[in-house]
Amino acid sequence: MNAAIILGRLTRDPVIKATQGGMTIARFTLAVNRLNKTGQNPEADFINCVAFGKTADAIGNYVYKGQRLLVEGRIQTGSYTSKSGEKKFTTEIAVNRAEFIEKRSGGSGQGNYHVDNQNAPTGGFGQFGTATKEPPAMEQEEIPF
């Protein structure tokens with residue numbers, strides 16, 4: 001299974017481009033905190049992300065440098081040959097879904113906006129970011145272990 005869910009802050013405004021066929025592509029980097037070995041002083045990992053179609057449009061219109069963003073997608077790798085002839089390898093998150101954690105105004109209000117990638121493969125977390133009905137509580141004697 002190849003699934004990734006990360007929460008971080010954008011290191012700069014997303015780079016938005018369009019293909020010749022008219023599909024929008026958004027590329028951005030999230031700074032994701034992690035604790036160091038001593039458990040203190042968080043460090044950051046910088047995770048490259050790419051979104052397509054309507055997800056890319058929404059990210060381009062509503063997301064900006066410093067804003068928190070939650071993304072769900074898959075890790076993908078690739079390679080290319082640089083202009084100097086050196087082979088380079090890439091790793092990034094192909095975004096299937098994004099949750100806008102903060103409103104664009106940057107005010108104190110918390111948003112809970114999400115957008116699905118219409119061009120992403122189906123499957124994965126179908127209800128990601130939505131409320132689900134909690135199952136009824138089980139009585140002690142009903143627990144199977």
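Note that the numbering runs from 1 along the sequence shown for the chain. Atoms considered below: every heavy atom in the structure, side chains included; atoms not considered: hydrogens, waters and symmetry mates. Just so it is clear, the structure is predicted and the values come from calculations on it, not from any experiment.
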Q. With no hydrogens and no angle check, is any side-chain donor or acceptor of Ser82 less than 3.5 Å from a backbone partner on Glu86?
A. yes
Q. Residues two or more places apart in sequence or in another chain: which of them pass salt bridge (charged side-chain N to carboxylate O under 4.0 Å, His left out) with Arg34?
A. Glu43, Asp45
Euclidean distance, [Y] [atom2] relative to [X] [atom1], rounded to 0.5 Å:
X	Y	atom1	atom2	answer
Arg9	Tyr64	CZ	OH	8.5 Å
Ile47	Glu92	CD1	CD	11.5 Å
Asn48	Phe28	CG	CZ	10.0 Å
Glu99	Arg97	CD	CZ	6.0 Å
Ile25	Phe52	CD1	CZ	5.5 Å

Which atoms form the tightest heavy-atom contact between [X] and [Y], and what is the distance?
X	Y	answer
Ala4	Ile93	CB-CD1, 3.5 Å
Thr90	Ser79	OG1-N, 4.3 Å
Ala56	Ala26	CB-N, 3.5 Å
Asn2	Arg74	O-CB, 3.5 Å
Ile5	Leu70	CG2-CD1, 3.8 Å
Met23	Gly53	CG-N, 3.8 Å

Q) Same cluster for Leu10 and Val32 if Ile/Leu/Val/Met/Phe/Trp/Tyr side chains link at under 4.5 Å? A) yes
(Q) Are Val63 and Val15 linked, directly or through intermediate hydrophobic residues, by side-chain heavy-atom contacts shorter than 4.5 Å (ILVMFWY only)? (A) no
Q) Which pairs, with at least one residue in residues 15-25 and sequence neighbours excluded, count as a side chain to side chain donor-acceptor pair (under 3.5 Å)? A) Thr24-Asp57
Q: Check the pair Ile59 / Cys49 against side-chain contact (heavy atoms from CB on, under 4.5 Å), numbers first and verdict last.
A: CA-CA 11 Å; Ile59 288 171; Cys49 301; over 6 Å; no
Q: Output all residues satisfying side-chain hydrogen bond (donor to acceptor under 3.5 Å, both in side chains) with Asp13, sequence neighbours left out; order by chain, then residue number.
A: none
Q.
Go through it in stages, so that I can follow the logic: the residues are Arg68 and Leu7, the test is side-chain contact (heavy atoms from CB on, under 4.5 Å), and I'd like the CA-CA distance, side-chain angles, deciding distance and then a yes or no.
A. CA-CA 7 Å; Arg68 290 175 57 200; Leu7 172 65; 3.4 Å; yes
(Q) With a 4.5 Å cut-off on side-chain heavy atoms, are Leu69 and Leu30 touching? (A) yes
